[in-house]
2 protein chains.
Amino acid sequence: MKATITDVAKQAGVSMKTVSRVLNNEPNVAKATRDRVMEVAASLQYRPNLAARGLASSKSYLIALLYDNASASYITNIQRGAIEACRRNGYHLLLEPMPYEQANSPEAEILLGRLGVDGVILTPPLSDSVVLRDILRRLDMRHVAVAPNKMDDVHAVRMDDAEAAFQMTTYLIEQGHRDIGFILGHPNHGATASRRLGFEKALNEAGIKLNEDWISAGDFSFRSGVQAAEHLLSNPDNRPTAIFASNDDMAAGVMSVAGRLGISVPEALSVCGFDDTPIAQIIWPQLTTVAQPIHKMGFKAASILISRDNPDDPKICTLDFELIIRESTLGGPLLK
Amino acid sequence: MKATITDVAKQAGVSMKTVSRVLNNEPNVAKATRDRVMEVAASLQYRPNLAARGLASSKSYLIALLYDNASASYITNIQRGAIEACRRNGYHLLLEPMPYEQANSPEAEILLGRLGVDGVILTPPLSDSVVLRDILRRLDMRHVAVAPNKMDDVHAVRMDDAEAAFQMTTYLIEQGHRDIGFILGHPNHGATASRRLGFEKALNEAGIKLNEDWISAGDFSFRSGVQAAEHLLSNPDNRPTAIFASNDDMAAGVMSVAGRLGISVPEALSVCGFDDTPIAQIIWPQLTTVAQPIHKMGFKAASILISRDNPDDPKICTLDFELIIRESTLGGPLLK
DNA sequence: TTGTAGGCGTTATCAG
DNA sequence: CTGATAACGCCTACAA
């Protein structure tokens with residue numbers, strides 16, 4: 001049979017409350033007592049029972065990560081960060097996939113209701129669902145959104161997607177490009193609008209007229225990048241000299257089409273992406289992109305949930321991004 | 001305040017035990033009673049408290065997924081499968097990363113000890129650690145290994161890696177290749193040895209003498225594939241006509257080197273990988289590879305842990321693989 | 001600095 | 001078929 005707190009208490013000749021105090025690092029325990037308890041606990045291989053602890057304290061020491069079919073690299077990075085924060089505080093991370101469509105349905109409330117966790121991390125595009133955030137609020141569950149857009153009603157960890165897209169576009173313009181194509185992300189994602197905004201703002205400030213025809217739909221998938229590129233590059237006499245895809249997978253799609261059409265990258269076409277996923281360094285030429293601090297975002301999100309201070313006052317944490325310049329954009333018109 | 005089982009019992013005019021019976025689908029409840037309880041429970045938005053249930057039944061309804069830095073796509077697929085099985089049974093999946101080196105240290109026992117889950121899924125390379133499996137047995141924790149090699153002392157979900165490598169190599173030989181290079185995986189992974197075994201067996205049966213020089217070290221990373229390819233392709237007068245990489249990332253590395261050296265794939269060099277990760281369809285030409293039923297493995301693994309039958313008799317479940325032939329190998333010597 | 005009593009919300013036992 | 005009552009292992013109050 002497994003040792004319980006009572007066993008430890010008996011062996012150590014103290015009350016169970018004292019053992020509890022020692023185990024939870026509470027003050028007001030004599031050092032000698034503390035040491036003795038620790039010793040006995042170790043010798044008995046005592047492990048606190050999470051369920052019992054949870055029942056008594058009405059805490060579960062569990063955090064749930066809610067996600068839709070985000071890219072594998074994105075989701076694993078968020079996970080790593082969140083788990084790191086959990087480990088430091090004796091928490092564990094639960095995985096809960098939830099299709100975006102379901103977020104607006106009654107099922108969502110049921111699923112969340114039985115979850116019984118201390119907090120929930122929402123990742124895009126779920127973090128953009130107002131309905132979902134309402135449900136969470138109604139259920140009185142702490143939650144934090146990992147999201148690109150500003151929200152003042154919830155805790156949020158974000159990155160300034162618009163600013164990043166602005167800077168990237170400005171960089172392309174500085175390379176001499178004036179004919180720049182843009183591939184949109186999945187319409188459900190808030191990031192899609194933000195990135196487009198930054199793109200358009202940069203063109204605007206540079207006095208370049210927006211060519212609506214060169215803004216092409218996409219959904220963050222490689223395949224959609226291929227289709228968008230086929231559209232953007234279809235007219236040999238009038239095509240962009242640079243294409244900014246809203247993520248790396250779609251940028252890879254562009255490169256693949258360029259290769260097939262004999263358009264050499266970066267000499268005849270500059271390509272850049274967003275996210276700095278592993279693929280950015282695997283394709284050739286390597287991809288210019290925006291590195292998001294995804295790992296750190298996961299860490300921050302979990303930390304906010306775990307910390308007990310000011311649970312009410314919504315806090316927004318904006319993290320830095322970084323432009324990663326690689327070969328795929330080193331061939332702008334200015335170089336010719 | 002949240003509704004408890006007692007509230008439901010009062011409202012429905014029955015005892016809490018009866019409510020409990022209804023909720024757990026136990027027999028011996030009159031249909032009328034059952035319906036009434038269900039109704040009240042719904043109207044009260046009653047959700048059973050996991051901690052309380054866990055305490056009383058000494059079950060946590062939690063399964064942990066233990067993993068090292070497996071590839072993002074591998075780990076997310078396992079996750080999806082495992083979660084699916086969990087959901088069907090009211091379980092949840094906990095994520096526990098653990099570096100392979102740590103698996104042999106005392107920390108592992110501590111971490112696992114406090115985990116308090118009903119079962120553990122081990123993924124490669126952790127599933128190959130005898131020490132880790134011993135710890136789990138000592139802690140009396142149910143576990144199932146997702147692993148390529150045969151083990152008769154634990155529950156295991158596996159795929160016949162050796163056979164898959166054998167078939168793939170045989171396929172290459174049938175295409176007319178006799179000079180075939182092989183890139184090994186990470187030495188910590190049991191899959192590495194199995195795949196090599198299958199490769200060598202195929203050469204053997206075809207009466208082709210093994211060229212040790214053409215078996216190159218790797219570690220499953222893209223970078224290591226690049227290095228291995230640089231080695232294998234270094235001598236223009238004597239190089240393999242096909243390279244079989246132990247996974248897709250390394251195969252992508254090979255293609256990248258081939259591109260740089262002006263060796264066209266598949267005309268001058270056939271390349272194949274293993275795993276059928278997304279990258280296999282993103283690189284060009286698309287990669288011939290082995291599709292593992294990773295999702296299904298995760299599902300099976302979780303199902304075994306959840307099911308309560310024959311918990312002692314170790315069961316091994318071998319799943320099917322599939323050879324996926326794509327462009328990267330459609331240029332063997334026979335075609336010329 | 002330490003201990004005692006009571007309860008957290010379920011499930012299990014055993015009687016009706 | 002149903003119900004009272006006792007665990008389950010820990011934490012929170014409140015005493016001492």
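Atoms considered below: every heavy atom in the structure, side chains included; atoms not considered: hydrogens, waters and symmetry mates.
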- Considering the terminal five base pairs at each end of the helix from C:dT1-D:dA16 to C:dG16-D:dC1, what angle separates the two local helix axes, rounded to 10°?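 The end-segment axes of the helix from C:dT1-D:dA16 to C:dG16-D:dC1 are tilted 30° relative to each other.
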Look at [X] and [N] and indicate whether a side-chain polar atom (N or O) is within less than 4.0 Å of OP1 or OP2.
{"X": "B:Y46", "N": "C:dT10", "answer": "yes"}
{"X": "A:R53", "N": "D:dG9", "answer": "no"}
{"X": "B:N24", "N": "C:dT11", "answer": "yes"}

- Task: Write out all pairs satisfying salt bridge (Lys or Arg N to Asp or Glu O under 4.0 Å) with one or both partners inside residues 34-56 of chain A, taking only residues at least two apart or from two chains.
- Result: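 Qualifying pairs: A:K31-A:D35.
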- Item | Nucleic acid contacts of residues 35-43 of chain A, taken as heavy-atom distances under 4.0 Å to DNA chain D |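 Residues of residues 35-43 of chain A under 4.0 Å from DNA chain D: none.
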Show me the donor-acceptor pairs within less than 3.5 Å that the side chains of residues 20-29 of chain B make with the rest of the protein, sequence neighbours left out.
from, atom 1, to, atom 2, distance (Å)
B:S20, OG, B:N24, ND2, 3.4
B:N24, ND2, B:S20, O, 2.9

When all nucleic acid strands are considered with a 4.0 Å heavy-atom cut-off, which category describes [X]: base, sugar-phosphate, or nothing?
{"X": "B:N49", "result": "sugar-phosphate"}
{"X": "A:R34", "result": "nothing"}
{"X": "A:S58", "result": "nothing"}

- Contacts of type ring pair (Phe, Tyr, Trp, His ring centres under 6.0 Å), residue A:F321, not counting sequence neighbours: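 Here no residue qualifies.
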- Query: By side chain to side chain contact (heavy atoms under 4.5 Å, CB included), which residues pair with B:A56, not counting sequence neighbours?
  - Reply: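 Per chain and number, B:A56 pairs via side chain to side chain contact (heavy atoms under 4.5 Å, CB included) with no residue.
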- Task: Only counting residues at least two apart or in another chain, list the ones meeting side chain to side chain contact (heavy atoms under 4.5 Å, CB included) with B:T76.
- Result: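 With sequence neighbours excluded, B:T76 shows a side chain to side chain contact (heavy atoms under 4.5 Å, CB included) to A:A72, A:I75, A:T76, B:Q79, given in chain and number order.
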- Taking only residues two or more places apart in sequence, or in another chain, which ones meet B:D134 in a salt bridge (charged side-chain N to carboxylate O under 4.0 Å, His left out)?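 Partners of B:D134 by the salt bridge (charged side-chain N to carboxylate O under 4.0 Å, His left out) criterion, ordered by chain and then number, come out as B:R137.
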Taking atom [atom2] of [N] as reference, at what distance in whole Å does atom [atom1] of [X] sit?
{"X": "B:K31", "N": "D:dT2", "atom1": "NZ", "atom2": "C1'", "result": "18 Å"}
{"X": "A:L55", "N": "D:dC8", "atom1": "CG", "atom2": "P", "result": "14 Å"}
{"X": "B:E26", "N": "C:dT10", "atom1": "CD", "atom2": "P", "result": "14 Å"}
{"X": "B:K59", "N": "C:dT10", "atom1": "NZ", "atom2": "C1'", "result": "13 Å"}
{"X": "B:L50", "N": "C:dT11", "atom1": "CG", "atom2": "C1'", "result": "14 Å"}

Below 3.5 Å, can you tabulate the donor-acceptor pairs from side chains in residues 5-13 of chain B to any protein atom, sequence neighbours excluded?
from, atom 1, to, atom 2, distance (Å)
B:T6, OG1, B:T4, OG1, 3.2
B:D7, OD2, B:T4, N, 2.8

Would you mind writing out the side-chain donor-acceptor pairs for residues 96-108 of chain A within the sub-3.5 Å range, not counting sequence neighbours?
from, atom 1, to, atom 2, distance (Å)
A:E96, OE1, B:R87, NH2, 2.8
A:E96, OE2, B:H92, ND1, 2.6
A:N104, OD1, A:S129, OG, 3.4
A:S105, OG, A:Q102, O, 2.8
A:S105, OG, A:E107, N, 3.3

- Output the residues of residues 5-21 of chain B in contact with DNA chain C, where contact means a heavy atom of the residue under 4.0 Å from an atom of the strand; sort by number or write none.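 Of all residues in residues 5-21 of chain B, the ones placing a heavy atom under 4.0 Å from DNA chain C are B:I5, B:M16, B:K17, B:S20.
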- Message: Counting only side-chain heavy atoms from C-beta out, which of C:dA12, D:dC8, D:dG9 sits nearest to B:A56?
- Response: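 Comparing C:dA12, D:dC8, D:dG9 against the side chain of B:A56, the answer is D:dC8.
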- Task: Please tell me which of the listed nucleotides, C:dT10, D:dC10, C:dT11, lies nearest to the side chain of B:S57?
- Result: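 Closest nucleotide to the B:S57 side chain: C:dT11.
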- Message: Give me each pair satisfying ring-ring contact (aromatic ring centres under 6.0 Å, His included) with a member in residues 119-138 of chain B, each pair once, sequence neighbours excluded.
- Response: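 Matches after skipping sequence neighbours: none remain.
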- Message: Do A:V146 and A:Y74 have side chains that approach each other closer than 4.5 Å (heavy atoms only, starting at C-beta)?
- Response: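 Side-chain contact under 4.5 Å: yes.
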- Query: Does the B:H155 side chain pair with the main chain of B:K315, one donor and one acceptor, at a distance under 3.5 Å?
  - Reply: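 Between the backbone of B:K315 and the side chain of B:H155 there is a qualifying donor-acceptor contact (under 3.5 Å).
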- Query: Does a salt bridge link B:R88 with B:E84, judged by any charged N lying under 4.0 Å from a carboxylate O?
  - Reply: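 Between B:E84 and B:R88 there is a salt bridge, with a charged N closer than 4.0 Å to a carboxylate O.
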- B:V29 or B:A52: which one's nearest nucleotide on DNA chain D is closer to the 5' end?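 Its nucleotide being nearer the 5' end, the pick is B:V29.
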